[in-house]
Each structure stands twice: as structure tokens, then as C-alpha cells.
Amino acid sequence: MKIFKNKIQFRALKERIKDYDIKRIVIITGAGISAESGINTFRDNNGLWDNHSVYEVARPEAIELTPEIFFKFQNERAIDMKNKVPNKAHKKLSKLEEKYHVNIITQNIDNLHEKAGSNNIIHIHGTNSEYKCTHCTNKGIYQDNIYGEECLECNKGLLRPNVVLFKEQVYDLYPSLDMIEKADLFIQIGTSGTVYPVAGFPEYTKALKINISLKEPDNEHYFDFNFKGKATKLVSELIEILLKK
Ligand code: NAD
């Protein structure tokens, strides 16, 4: 039934974009695009939040209150992600740059879009391939188990992941909104559509909007086309259509 629905929708999409001028594409990605590379999402069954307390691993206070748990979790996650490889969905997306101006705004802290060869990427929730100091401006490339070590620049702070923890400000919000406003096509992949401000991004554009995810996202109502299923299969089909247009 799902496959059948997707087929009909792909046909309708082809028809819709036949005479539609597409120059700029903005792609929003979430944990779902990396799921088939073996990185757990947050909110699916057996997702990260089922096995860990948000309080101990994902809010800034945890660095002071439960540092051992926080840094152990963050180091294990960074080492695990470092060894993952991009899947077909990441790779196909990078091909779009051959024909269009593409900006990827990812909520993911992994670096699988970079590994797949995409060029214009905003990590709106940061990346754990970098560390930063809790006290000074020291920042650098992650090395195994470096989180939790004392900062050698200021000797005051600790090295933590350069990611946006709960309640912290997202990165590059205004450049993101600018790209979104100028886009002709807006594609959202593998997100639950629950985390703001990203979940509200479709409001800022008149572009044609396409969503791909395993489950309906909470912001589903914004989208002209909603495809349900795995990113590797559906993203590949979508990119083929866009490259042949
Ligand atoms: P989420 O866990 O809330 O939702 C993921 C969504 O992906 C699900 O709703 C599901 O519909 C979809 N999904 C799962 N498997 C899929 C597949 N194979 N193909 C297509 N869709 C699939 O994730 P989110 O919306 O990105 O939540 C936001 C937060 O999660 C972000 O802040 C992000 O930093 C963080 N996160 C990142 C990673 C990562 O870097 N890879 C992993 C887990 C969580």
C-alpha cells in the first residue's frame, strides 16, 4: 500500500515539476537519513532516548552535575560516528550539486554528508567531529576520548563536543533562513519534525516542499508531497527524477 502510494506520488511530482523552474534546493536532514548507516535515531523504537537520560547526557548542566556519564556518552558516540560510512541517500544527495545550487542544513552531528562529498553544509546543531572548550574559544578536531580533558589553552575549562545541547542556541540560524527563503525546492529527510526552530523552517519559504521519512513527521502539514519509507530507496528515486528533469 505504502509502495503503491509512493509510486502515484512520484508520478504526480514528475508532472508538477515539468515546467517548474528549479535553481536552488535546500535540504533539511535529520537522524533518519543516517539510520541506515547504523546510527540510532532519537525517537524511534530503541532510539537513544530509550537507553539514556536526557538530563545526564544532553543538557549543559550535565557537564557539572554528572560529568563522568556525560563525557563517557559523548566520547563513545563520537568514536562510533567517526567510524560510520555514508549510505546511498547521503551519496545521491551529493550528486544533485552537478545540476543545482544545493544547500544542506542538517540537524545531525555526524559528518556523513561531508564524507559523501556534499559541499554546502550547515550543521545547525553542531558536530561531534569537533571539540570546544567550556571556558575559552579553543576549538579543534576531535581525537578519541578527548572530551572531558582539561583545556591546555586556558587551563580552566574542559573540552566538550561542539554540539548544541538542550536549551543552547542553534548555529547559523539567519544564513539558514536566508537560504530557505530563496529556495525553489525544499526537501526534508528523516526527521520527526519535533525539534524547533528546524521543524518550523517550511513556513519561511514559498518553495515546493517534499518530505521523506519512515513515519509522518509532526510538521507534515507543510508539505506538498509526503513520501513514506526508507531514505536510501526514496531519496535515490527522487534524485533520479530531479537529475533527469
Ligand atoms: P528523530 O529521532 O526525532 O526522528 C528521526 C525520524 O527519522 C523518525 O521520525 C523517522 O520517521 C525517520 N526515520 C528513521 N529511520 C529512517 C529511514 N531509514 N529512512 C527515512 N526516515 C527514517 O530525529 P530528528 O528529527 O533529527 O531529531 C532531532 C535531533 O536528533 C537532532 O538534534 C539531531 O542532532 C539528533 N540526532 C542526530 C543523530 C546523527 O547525527 N546521526 C542521531 C540521533 C539524533
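As the structure lists them, so they are numbered: ligands from 1, and atoms in each ligand from 1.
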| task | Would you mind checking if Glu61 and Lys167 are paired as a salt bridge, meaning a charged N to carboxylate O distance below 4.0 Å? | result | yes
| remark: Checking Gln188, Glu203, Lys209 against Tyr222 for side-chain hydrogen bond (donor to acceptor under 3.5 Å, both in side chains), the one that qualifies is Glu203
| Is there any N or O on Ile212 that sits under 3.5 Å from an N or O of ligand 1? | no
| said: I'd like to check whether Val195 has a polar contact with ligand 1, where a contact means an N/O of the residue lying under 3.5 Å from an N/O of the ligand. | reply: no
| note | Note: ligand 1 atoms sitting under 4.0 Å from heavy atoms of Lys230 are 19 (N)
| query | Does some side-chain heavy atom of Arg160 sit less than 4.5 Å from a side-chain heavy atom of Phe71? | reply | yes
| Between Asp110 and Lys115, is there a side-chain N and carboxylate O pair less than 4.0 Å apart? | no
| message | Heavy-atom contact check, 4.0 Å cutoff: does Asn40 meet ligand 1? | response | yes
| Would you say Lys88 has more than 12 foreign heavy atoms packed within less than 6.0 Å of its NZ? | no
| Does Lys215 approach ligand 1 within less than 4.0 angstrom via side chain, backbone, both or neither, non-hydrogen atoms only? | both
| message | So that I can tick it off, tell me whether Glu76 and Lys72 are bridged by a salt bridge, with the cut-off set at under 4.0 angstrom between side-chain N and carboxylate O. | response | yes
| query | Strictly under 4.0 Å, does any heavy atom of Glu216 approach an atom of ligand 1? | reply | no
| query | Is any N or O atom of Met81, backbone or side chain, closer than 3.5 Å to an N or O atom of ligand 1? | reply | no
| query | Which atoms of ligand 1 sit under 4.0 Å from any heavy atom of Ala31? | reply | 23 (O), 24 (P), 26 (O), 36 (N), 38 (C), 42 (C), 43 (C), 44 (C)
| Per atom 41 (N) of ligand 1, closest listed option by heavy atom (Asp110, Val163, Asn219, Leu112) | Asp110
| query | What atoms in ligand 1 come closer than 4.0 Å to a heavy atom of Gly229? | reply | 19 (N), 20 (C)
| field | Any side-chain heavy-atom pair of Tyr147 and Asn128 under 4.5 Å | value | yes
| request: Find all atoms of ligand 1 within a distance of less than 4.0 Å from any non-hydrogen atom belonging to Arg77, and give their numbers and elements. | output: 38 (C), 42 (C), 43 (C), 44 (C)
| request: Pull out every atom of ligand 1 sitting under 4.0 Å from any heavy atom of Glu36, numbered as shown with elements. | output: 17 (C), 18 (N), 19 (N)
| query | Mind checking whether Gly190 has an N or O less than 3.5 Å away from an N or O of ligand 1? | reply | yes
| Thr191, portion touching ligand 1 at heavy-atom distance under 4.0 Å | both
| query | Does Lys84 reach ligand 1, in the sense of a heavy atom lying below 4.0 Å from it? | reply | no
| said: So for ligand 1, is Ser192 a polar contact partner (N or O within less than 3.5 Å, distance only)? | reply: yes
| task | Check whether any side-chain heavy atom of Ile17 sits under 4.5 Å from a side-chain heavy atom of Ile22, and report yes or no. | result | yes
| field | Residue Gln107 vicinity, atoms of ligand 1 by number, heavy atom under 4.0 Å | value | 26 (O), 28 (C), 31 (C), 32 (O), 33 (C), 34 (O)
| message | Side chain, backbone, both or neither: which applies to His125 and ligand 1 if a contact is any heavy-atom pair less than 4.0 Å apart? | response | side chain
| field | Passing option when Leu112 is tested against Ile33, Thr29, Ile39 for side-chain contact (heavy atoms from CB on, under 4.5 Å) | value | Ile39
| Got a sec, which pairs hit ring-ring contact (aromatic ring centres under 6.0 Å, His included) with one end in residues 84-137, sequence neighbours left out? | His90-His113
| remark: For Ser34, the atoms of ligand 1 under 4.0 Å from one of its heavy atoms are 41 (N)
| request: Answer yes or no for Ala89: is there a heavy-atom contact with ligand 1 below 4.0 Å? | output: no
| task | Would you mind reporting whether Tyr171 and Ile122 have side-chain heavy atoms less than 4.5 Å apart? | result | no
| task | Sequence neighbours left out, what pairs pass ring-ring contact (aromatic ring centres under 6.0 Å, His included) with at least one residue falling in residues 5-37? | result | Phe10-Phe227
